[in-house]
Asker: 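First the structure, which I've put down as structure tokens, then a few questions once you've had a look.
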Amino acid sequence: MKGRFGRFGGQYVSEVLMHALEELEEAFERIYPTPEFQRELGLLLRDYAGRPTPLYHARGLSELTGCRVYLKREDLVTGGSHKLNNCLGQALLARRMGKTRLITETAAGQHGLATAMAGNVVGMEVEIFMGVKDMERQASNVKRMLLLGAKVTPVSTGSGVLKDAVSDTLREWARCTGTTHYLMGSTVGPHPFPEIVATFQSVIGRELRQQILEREGRLPDAIVACGSGGSNALGAFRAFLQDEGVRLYFVEGGGESLEADNSAAAFRLGRPGVLHGALMQLLQDEHGQVKPSKTRAAGLNYPGRGPELSHLCETGRVKACHAFDREVFEAVRTTCRAEGLLPALETAHALAFLLNHPEEFSRGEVVVVNFSGRGDKDLETLMRYFYGA
Amino acid sequence: MKGRFGRFGGQYVSEVLMHALEELEEAFERIYPTPEFQRELGLLLRDYAGRPTPLYHARGLSELTGCRVYLKREDLVTGGSHKLNNCLGQALLARRMGKTRLITETAAGQHGLATAMAGNVVGMEVEIFMGVKDMERQASNVKRMLLLGAKVTPVSTGSGVLKDAVSDTLREWARCTGTTHYLMGSTVGPHPFPEIVATFQSVIGRELRQQILEREGRLPDAIVACGSGGSNALGAFRAFLQDEGVRLYFVEGGGESLEADNSAAAFRLGRPGVLHGALMQLLQDEHGQVKPSKTRAAGLNYPGRGPELSHLCETGRVKACHAFDREVFEAVRTTCRAEGLLPALETAHALAFLLNHPEEFSRGEVVVVNFSGRGDKDLETLMRYFYGA
Amino acid sequence: MELEKRLEELRRRGEGALMPHVYFGDPSPAFSFRLIRTLAEGGADLLELGIPFSDPIADGPTFIAACERALAAGVTPRGCLEALRRLREEGLHLPVLLTTYYNVILSMGLGKFCAEVRRAGAQGLIVPDLPVEEADELLESARGEGLHLIFQVAPTTSGRRMERIVGKASGFLYVIGVEGVTGAREELEPSTVELMGRVRRLTSLPLLAGFGISRPEHVVSLLRAGADGCVVGSAIARIYSERLEEPEQTLPSISKFVRSLKEATRSPP
Amino acid sequence: MELEKRLEELRRRGEGALMPHVYFGDPSPAFSFRLIRTLAEGGADLLELGIPFSDPIADGPTFIAACERALAAGVTPRGCLEALRRLREEGLHLPVLLTTYYNVILSMGLGKFCAEVRRAGAQGLIVPDLPVEEADELLESARGEGLHLIFQVAPTTSGRRMERIVGKASGFLYVIGVEGVTGAREELEPSTVELMGRVRRLTSLPLLAGFGISRPEHVVSLLRAGADGCVVGSAIARIYSERLEEPEQTLPSISKFVRSLKEATRSPP
Ligand SMILES: Cc1ncc(COP(=O)(O)O)c(C=O)c1O
Ligand SMILES: Cc1ncc(COP(=O)(O)O)c(C=O)c1O
């Protein structure tokens, strides 16, 4: 069924938005495959975003784990995370659709930043909705967005976090679909967004496949990626879905503990539900009210898991895992010391899982971690955690 | 004469250090050309640092200037600036020399950060000397260095800025040359440092040459680079020194004005002198006392210009220019809006020169700006400047 | 009371239908009971009773706040159905449409939800995040219980989709006159009038216009444009929202407001 | 007074040479005059008179601070030379070595600087950032004015370089006993003794040991190891640095300290 991954997905939005979704789907199917679009996007990915990103054989982490650990260096993409891959693609698409304005939401600020960049590259106005709590926690990214000339609109409905910002962006979009594109930042939302975002992010896995074959002469034994909506994970996984021998691990935010309201582990604690236009794995209470998620990584602080990811975890192709906040901070420290690389708190979830689950990885296995972003945005949080104040 | 560029250069250091300089020169000449060293460095540059960096055709800046503007994207190197190119090279060299510890100084923090990274990659202890004033101004980079496990030692002698930190690092080195390598961060200091640093940075120009030939089918009309010591500039220039048709512009920190003590424009306001082991263009008073430089860009806040650069400017091969602080802030804003890229304050000197000197660049000329680093470290300064507080 | 019959009757009388929309439990269940009685007495012809949801993406600021307050007051979907049952027992006669977001329904189970809704005494469902493409399952469950599933059309709805919607609709069509979300607006947009004509050409189903209606003049214009009735929601919540410590104090104003709207539905075309 | 003669004379007497090192103008020119007189009266055989420099890379914290204070007090290279001329007029008889960093000399011009230095009454130059490889030009100017250019050797100096240095040296060799910069230290390192032997095998030039000497015992050990004398700098500055508001108050302690060092140079080997 169109826009479905197994039972997940769909288009659960107000009638007002249906036209925009149809228009977007049609435009994507028409424009994306054209050589001109591919060429323009390819050049921007290469020269602006900095692709291909390296695949780095991490000697320090390899020693610590006994595996051959590789890091797919999405932290080196302009702006510091994988987010720009998708933003450049959608911004180009929106411009060809004749839109003049981009709106979106952001939690960690990485997607907002990437949207602001992409907007400036294609010459479109940008407005970013951001929960008031996230604006505090990720103040440095707010500053970056402002410097880039984006309008940052605080969202104080709900808990003032990502899920509320998504709702507000959908509401804003309903007002102005004619001129405005909602540049969805992860593989969530109503069809065709999950498909579009995964398509633009799958450049990660295509490069990765070629690189690991060059380096090891074979496919990896496992790929580990963090996520909430799932865009960096699917970006890395999609090229390997048919390769049964490649184990795929998805690491979500365990938060403080799996108790009550201290977690973002939707695969552990949620069940299928509809939010923001799609049926997906969802943190919710017994009445179907969406529960706020909790994790120190703003970018993983979302109660839903994108439909494709929900499906892949339901079928068992992808293994859903989690890492707790304290493990994540330790993994940041370990990676800083062992590799000289400062990972984003989100990314550190994947690293923490690798470091703390020797039972999953045998000695000598080739394990790729999708190093989705750098931790500069988390500097204040990290300093407070490690040094107090 | 060995270690000289024209009349500039030399080895003006305490007898205590002479042995270390000889040892370093010998090791560099012996180890650098070996295939094993080239291979190890090449892999790290590719997979860890993220080389080759793209050459980006900047449409927005091209429109604004009427030139075909390209940016050589050193901001995409791990850590956010060109500094790592040199640090990886010297760290590998030092390890092969049997050293176990790296020391250095830093102003903007970019070189300190890159040294901390390189130290962790090769498994060496790292200590960074940093002027107390710079530690305040570039607090976020201090935090990054701490997270990476480097020891950061505040320097309060003199004015508590870069020049004092260099002096203190030389003093520390004199105590422990047996175990310790001074990882010089720019093309300054006694021979063989200027040669070593320029050699490791010249990867920039080699890539650039190939990329612009692919893109334009010819060499550029001009290359513009900022600097103080000159490492990013020489890195970009060296591959073009023999090509008379390629104009080379070096942009130093004009500071507030060329008056009295408000500038770092050593080519405009200085004369040859000896500091930190080399004869070079130097800001100094009539008695030969070194004058403190002044610019809002910490990384350009050094009173000397490396010997090779001093020579190239004296012979006229490179044109020495400057940009004032207020032009630089404007250039940051312009580049943010036009390209979605946030340049370092240092880098913005080169951009400011390009934007404000139409008399130097004819319509349609191909101009490459060496985009030496990203401006994340300058976020607070920029916010204060543009938004107050 | 039968929904179709009531609309038929109003049409015969040459009168427009007035359907107030309230989120139950805002700011407390007790107030909602009094509010609904006031609306019924003031001349409401139908009632849209909202079950609050945590993430009401089709609603504007007024109703977002209403949902938050109701949830904070501990209101649950079952509590809402229970309340409706009580309202019926106490003599509420209007046809009632239950409104909520799809996840609330899904969470209880489609069949169970529809059965409970019928038992509580409602005549239909409005699910603002369920476009016709996703509606088949719920449609089946609703039909099984004799409930109408009300569909919406909007200015952005294409002709092709409009036909598909009309093909599945029953009860009435909810015509969203503006692009955007719920919320009182000062002016009606010309697109609303244009849309009403477009829909009328396709169907003889009653058309209830909603979103942004806040004045009797709006009602008059919409009925002139061909609507069979109007939905008024945020404009009511806005009145009591201004005195949340003692919302009962606003009931007289609300009563007056509803009467003025009902009056407008009777003005000759 | 001739430098070589004075060292010859001391050697004949079986006595070590004591060369205090002060940066002129720290914390004020007036104090420096009194300090130098005190040192001379206390038994100094030679004097190393420093012209403060903004970036004294071969100096440790004590002398860095001394340079900063002297520069803050407005001291200039010409002022230092003028001061030496005055000291000579007032009867200072010791051989004087002027110490400064190379840029100060370069800035005035090598020839001019050497001429001024000779006219002011010094016998030689010590330039801590001028290794033998870079010294030819200054050597020529200095020789032209009859000035010694004093070279240093260090524990890290290779045999090959040692020979080169010895080949160009005159007056005496300044033997840096430790790796590092100037500054008083508690213990002498064994490397110092070893180094003294190495140098002695290559030259009959007098050897003055410097860097880190802070006690009479150090002096005794160094002379035993073969030194012809000692340079004591930071240990003196350290004393008056502790009372910078009225440094003259420390002159008696300094006097006592210098006497004790001079005493040590006379102890039989
Ligand atoms: C560095 C980084 N990694 C991962 C994520 C999670 O997003 P996704 O699940 O779409 O990959 C974010 C979101 O902000 C992020 O910034
Ligand atoms: C981004 C950036 N550009 C330029 C410089 C100047 O250094 P150099 O003159 O060695 O290129 C620095 C120094 O910190 C820097 O951080």
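Note on naming: letters A, B, ... go to the chains in the order of the sequence lines (proteins, then strands), and numbering restarts at 1 for each one.
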Asker: Please classify the contact of A:Ala150 with chain B as side chain, backbone, both or neither, using a heavy-atom distance under 4.5 Å.
Answerer: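 For A:Ala150, no heavy atom lies under 4.5 Å from chain B.
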Asker: Most heavy-atom pairs under 4.5 angstrom with chain B, which of A:His57, A:Met117, A:Arg51?
Answerer: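 If we count pairs closer than 4.5 Å to chain B, A:Met117 comes out on top.
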Asker: Among the options A:Thr78, A:Leu44, A:Thr335, pick out the one with the most heavy-atom pairs lying under 4.5 Å from chain B.
Answerer: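 Counting heavy-atom pairs under 4.5 Å, the top option is A:Thr78.
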Asker: Given 3.5 Å as the limit, does a donor-acceptor pair link the side chain of A:Thr347 with the main chain of A:Phe371, or not?
Answerer: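 Side chain of A:Thr347 to backbone of A:Phe371, a donor-acceptor pair under 3.5 Å: no, none is there.
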Asker: For each of B:Leu43, B:Leu342, B:Leu55, B:Asn120, tally heavy-atom pairs with chain A at distances under 4.5 Å, and name the one with the top tally.
Answerer: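 The residue among B:Leu43, B:Leu342, B:Leu55, B:Asn120 with the greatest pair count is B:Asn120.
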Asker: Find out whether B:Ile204 and B:Asn85 are in side-chain contact, i.e. whether some heavy atom of one side chain is under 4.5 Å from a heavy atom of the other.
Answerer: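 B:Ile204 vs B:Asn85: side chains touch.
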Asker: Can you check whether A:Glu105 reaches A:Met130 side chain to side chain, under 4.5 Å on heavy atoms?
Answerer: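 With C-beta onward as the side chain, the pair stays apart.
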Asker: Is there a donor in the side chain of A:Ser81 and an acceptor in the side chain of A:Ser372, or the other way round, less than 3.5 Å apart?
Answerer: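 Not at all, the side chains of A:Ser81 and A:Ser372 share no donor-acceptor pair under 3.5 Å.
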Asker: Which atoms of B:Arg374 are under 4.5 Å from chain A, going by heavy atoms: the side chain, the backbone, both sets, or neither?
Answerer: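 Interface part for B:Arg374: side chain.
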Asker: Between B:Leu382, B:Thr53, B:Leu341, which has the largest tally of heavy atom pairs under 4.5 Å with chain A?
Answerer: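 Most heavy-atom pairs within the cutoff with chain A belong to B:Leu341.
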Asker: If you count heavy-atom pairs under 4.5 Å with chain A, which of B:Arg46, B:Glu339, B:Arg333, B:Arg144 comes out on top?
Answerer: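 Option with the greatest count: B:Arg144.
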Asker: Is there side-chain contact between A:Arg215 and B:Asp47, with heavy atoms separated by less than 4.5 Å?
Answerer: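 A:Arg215 vs B:Asp47: side chains touch.
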Asker: Please state whether the side chain, the backbone, both or neither of B:Phe386 comes within less than 4.5 Å of a heavy atom of chain A.
Answerer: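 Side chain only.
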Asker: For A:Arg206, check side-chain hydrogen bond (donor to acceptor under 3.5 Å, both in side chains) against everything at least two apart and list the hits.
Answerer: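 Expected list: A:Ser202.
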Asker: Does the side chain of A:Arg96 reach to within under 4.5 Å of the side chain of A:Glu36, using non-hydrogen atoms?
Answerer: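 SC-SC contact between A:Arg96 and A:Glu36 confirmed.
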Asker: One thing to verify: whether B:Arg137 and B:Asp378 come together as a salt bridge, which I'm taking to mean a side-chain N less than 4.0 angstrom from a carboxylate O.
Answerer: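 No, B:Asp378 and B:Arg137 are not salt-bridged.
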Asker: Any Lys/Arg nitrogen of A:Glu125 or A:Lys99 sitting under 4.0 Å from an Asp/Glu carboxylate oxygen of the other?
Answerer: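 Salt bridge between A:Glu125 and A:Lys99, a charged N being under 4.0 Å from a carboxylate O: no.
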Asker: Which bit of B:Ala118 comes within less than 4.5 Å of chain A, counting heavy atoms only: side chain, backbone, both or neither?
Answerer: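 Nothing of B:Ala118, per the 4.5 Å heavy-atom cut-off to chain A.
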Asker: Under 4.5 Å, heavy atom to heavy atom: which of residues 58-77 of chain A reach chain B? Give them by number, or say none.
Answerer: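 Near chain B, by residue number: A:Arg73, A:Leu76, A:Val77.
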Asker: Going by heavy atoms in the side chains, are B:Val369 and B:Leu351 under 4.5 Å from each other?
Answerer: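 B:Val369 reaches B:Leu351 side chain to side chain.
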